[in-house]
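Comments concern the structure below.
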Amino acid sequence: MTATTAAADASTNQTKSMDDIMALCKRRGFIFQASEIYGGINGFWDYGPLGAQLKKNLRDAWWQDCVMKGAGGQLGPNGKPVSIVPVDSCIIQNPKVWEASGHVGGFNDPMVDCRESKRRYRADHVRVMFSGASGTDPQRMFAFIEGDDDSRNQALKKMQKYLKDGYEPHNVGYSDLMSFDWSAFAERIVGPDVATPGTLTPPRAFNLMFPTVIGATGDIEDDKAYLRPETAQGIFINFKNVVDSTRVALPFGIAQTGKAFRNEVTPRNFTFRSREFEQMEIEFFCHPSETKDWYDFWKKWRMQWWESIGLGGDNLILREHDADELAHYAKEGAGTSDIEYRFPFTAPGYGELEGIADRTDFDLKQHKEHSGAKLEYFDTTRGELAKNGQPKGERYLPHVIEPSAGLDRGVLAILCESYTKDDSRPSPEIMKFHPRIAPIKAAVFPLVNKDGMPEMATKLTLELRQRFGHLGFIESDAKQSIGKRYARMDEAGCPFCFTIDGESLTDQTVTMRDRDTGAQERMAMDKVGDFLAGKLGVDSSSSLG
RNA sequence: GCGGGCGUAGCUCAAUGGUAGAGCGUCAGCCUUCCAAGCUGAAUGUUGUCGGUUCGAGUCCGAUCGCCCGCUCCA
């Protein structure tokens, strides 16, 4: 971490304008609205040239640090190197996967809307009360939210007022909203927050999964499948395959990155809530007794990782979930935490960047029951000792700690964090990307477009591309004034510009211009590569520190 | 999904119901020895889309799409 990151400017995030950031993203080719020439499509975004490379750099950093190095190359709480292996599973799976995971059931909650109060309720949480001798047909029913005493008392008052003397406290009946023939009773039901009947819409299922059809002649009923709403299940259903083929031993993790799809009710806030998005997930499997240790380990390290790529300061927090917001799979576990970032549109609040959850053995247990496959792990290091002194082994379903990060949200956070406005500079808008993440790694300019300078610039450009091209763009530009070229690189977030001037022609030196300070430093042209290698955090054969 | 606001060039904005424009940016050429300099020239619009009213619609009406804000939703 160096002064070249934007951490120093973190406290200004509340004053950053999302409009300015979005305008820059479009102007410089980071992010475009999907299908823009057709009027756009709500909830989908395309990445332009710089955005695509920025996103790839973030994904690569995650892949290298989390997966290949194993949580950054440190020892886990068990005192051993952390073992993670990747998979790349399909977006479309057997629909039974989503039945087992709870998505088909959980995502299909019917909802009712109230046309008058403009509120929406989960239909299975709404009950109605009515009064009258048993067997009579109640002409009016009063809805309330189950478990909400205020709502219930409100409905009771409305019923008493309506019935007046006809109110019979001994003959109050209750029923679930879902049990009605809606067409017959809709006009008799008074919504929870209104006084007149007939304002509730019929219960409608809101399926957040994208349905699709398998087979060229398939029809939606018989051959229905879903685009995955999360990448996690692709890992769980391959758990046995990985264990059987890879010589991994618990504890270990399986990781993958990839697209997931959700029919969000309200896509909003730029790319923050999109209907198509990319996840970076690890499912870390361990013995049930070790979950707390690994949960704490991942929470700590994932925070450090986000800080290492340029997020940090007051804009990044780790927030432990309250008991009542835990997901169905996390009720019994050590807990769930969110790593949250203070986006300009959430400030002074925060928005989720990554969730770290103890999923217990929920998913493996579900898939074991639904598929009939034996998903227990046989752990030869546990169990009673046999006569020969070796453990007899223990068979169990591993528990899972899941660090699940949003790649698009990470990119968005980096864009917001990097965006800096400095009106004292001729080019006030600067994207202060961490050099490792920056899509353009360096630019080479001839100070003027003549006298042999362009040729030297081209030579240096090609050398740098040869060595660093796999990490990002190496730009070259000879057009217009040098100030304008620097300014363009500031907006694109290129951390270093190398300029060939008159002196370069005689002594083979160039000036390095730093994006964040504007300061210049002269260095030998043949040291530029090693300088960049040091700044980008890649191995260098030189002694440069 | 509901309510409100908005929609003219890449961006910021003009144009009384009567020939769609400016600045910036972009591109080309010249000039230029370190921070969006200057000169010359060029490209760019089915005025979000579709329909209606009108002799005539960027302008009035309707629908639709998209964006923003507030609800709602976020397993």
Side-chain angles (χ1 to χ4, degrees), chain A residues 17-20 22-29 32-44 48 98 101-109 111-122 193 199 201 204 206-209 229-230 232-233 262-270 272-275 277 325-331 338 345 351-352 355 357 359 362 406 422 424-430 445-451 453 478-491 497-505 510-515 517-520 522:
Chain A
S17 153
M18 209 55 216
D19 287 345
D20 289 346
M22 290 171 72
L24 187 144
C25 282
K26 184 179 182 188
R27 187 168 70 244
R28 288 297 169 194
F32 307 125
Q33 193 183 6
S35 305
E36 193 185 87
I37 63 170
Y38 288 101
I41 177 168
N42 197 3
F44 298 88
W98 311 115
S101 67
H103 287 85
V104 170
F107 265 141
N108 275 315
D109 294 331
M111 309 289 290
V112 293
D113 288 316
C114 177
R115 296 189 190 90
E116 190 171 318
S117 71
K118 307 303 178 194
R119 301 187 67 146
R120 169 177 291 171
Y121 317 94
R122 273 184 63 166
D193 296 291
T199 64
T201 64
R204 286 174 292 182
F206 283 75
N207 190 345
L208 266 57
M209 282 197 293
E230 63 174 25
Q233 298 307 323
R262 292 181 198 177
N263 247 324
E264 296 288 356
V265 176
T266 310
R268 201 163 281 191
N269 288 327
F270 204 19
F272 183 77
R273 179 167 297 144
S274 305
R275 289 181 165 138
F277 56 97
E325 56 179 323
L326 291 176
H328 61 81
Y329 53 73
K331 291 273 192 277
D338 283 347
F345 50 80
E352 182 187 353
R359 291 184 79 124
F362 178 88
D422 182 352
S424 70
R425 291 187 28 172
S427 51
E429 290 182 302
I430 307 160
F445 302 144
L447 184 58
V448 291
N449 200 12
K450 61 181 182 183
D451 297 340
M453 293 182 213
K479 293 293 178 68
Q480 297 174 309
S481 74
I482 190 72
K484 198 166 213 167
R485 284 177 273 165
Y486 286 152
R488 274 198 282 252
M489 285 302 120
D490 285 346
E491 280 198 353
C497 295
F498 299 95
T499 300
I500 314 290
D501 58 19
E503 214 176 317
S504 310
L505 302 169
V510 300
T511 58
M512 183 283 297
R513 180 262 193 188
D514 183 278
R515 174 194 65 201
T517 63
Q520 296 192 10
R522 184 161 282 278

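Every chain is numbered from 1, with letters handed out A, B, ... down the list of sequences.
- If you take CZ of A:Phe32 and C1' of B:G66, they are 17 Å apart, rounded to a whole angstrom.
- In this entry B:G70 has B:C2 as its Watson-Crick or G-U wobble partner, both defining distances falling under 3.5 Å.
- Taking atom CG of residue A:Asp422 and atom P of nucleotide B:A36, one finds them 14 Å apart after rounding to whole Å.
- With a 4.5 Å cut-off on side-chain heavy atoms, A:Arg262 and A:Phe277 count as touching.
- For A:Arg27 and B:U44, the CZ to C1' distance is 18 Å, given to the nearest whole Å.
- Using a 4.5 Å heavy-atom threshold, the side chains of A:Met489 and A:Arg515 count as separate.
- When the P atom is used for both B:C30 and B:C24, the distance is 22 Å, rounded to whole Å.
- Here the side chains of A:Arg522 and A:Val510 are not in contact, with every heavy-atom distance at 4.5 Å or above.
- Nucleotides B:G10 and B:U19 place their C1' atoms 26 Å apart, quoted to the nearest Å.
- As rounded to the nearest Å, B:G51 and B:G70 have C1' atoms that lie 31 Å from one another.
- Projected onto RNA chain B by closest heavy-atom contact, A:Glu491 and A:Met22 fall at different nucleotides, the more 5' of which corresponds to A:Glu491.
- Between the side chain of A:Asp501 and the backbone N or O of A:Glu503 there is at least one donor-acceptor pair closer than 3.5 Å.
- By the 4.5 Å heavy-atom criterion applied to side chains, A:Ile500 and A:Leu447 are not counted as neighbours.
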Point to revise | Sugar-phosphate or base contact per nucleotide [nucleotides 27-35 of chain B; S, B, -; heavy atom under 4.0 Å] | key: SSS--BBBB

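- Comparing B:U12 with B:C50, their P atoms sit 23 Å apart, to the nearest whole Å.
- Distance, A:Phe362 CZ to B:A75 P: 13 Å, rounded to whole Å.
- Between the CD atom of A:Glu429 and the P atom of B:U12 there is a distance of 12 Å, rounded to whole Å.
- Comparing the same atom, P, in B:G23 and in B:C39 gives a spacing of 12 Å after rounding to whole Å.
- Of the candidates A:Lys484, A:Lys26, A:Arg27, A:Arg485, A:Glu491 forms a salt bridge (Lys or Arg N to Asp or Glu O under 4.0 Å) with just one, namely A:Arg27.
- When Watson-Crick and G-U wobble pairs are counted only if both distances are under 3.5 Å, B:A14 pairs with no nucleotide at all.
- Distance A:Arg273 CZ to B:C69 P: 12 Å, rounded to the nearest Å.
- The six-membered or imidazole ring of A:Phe272 lies near that of A:Phe345, with a centre-to-centre distance under 6.0 Å.
- Nucleotide B:A28 has B:U40 as its partner under the Watson-Crick or G-U criteria, with both atom distances under 3.5 Å.
- Nucleotides B:U44 and B:G4 are separated by 34 Å at their C1' atoms, to the nearest Å.
- With both pairing distances under 3.5 Å, B:A57 is matched to nothing as a Watson-Crick or G-U wobble pair.
- For the pair A:Gln33 CD and B:G10 P, the computed distance is 14 Å after rounding to whole Å.
- One P atom belongs to B:U26, the other to B:A36, and the distance between them is 13 Å to the nearest Å.
- If you take NZ of A:Lys26 and C1' of B:C67, they are 11 Å apart, rounded to a whole angstrom.
- Between B:A20 and B:U47, the two P atoms lie 10 Å apart (nearest whole Å).
- One finds a salt bridge joining A:Arg513 and A:Asp490 here, because a Lys/Arg side-chain nitrogen approaches an Asp/Glu carboxylate oxygen to under 4.0 Å.
- Taking a pair to require two hydrogen-bonding distances under 3.5 Å in either a Watson-Crick or a G-U wobble arrangement, B:A9 remains unpaired.
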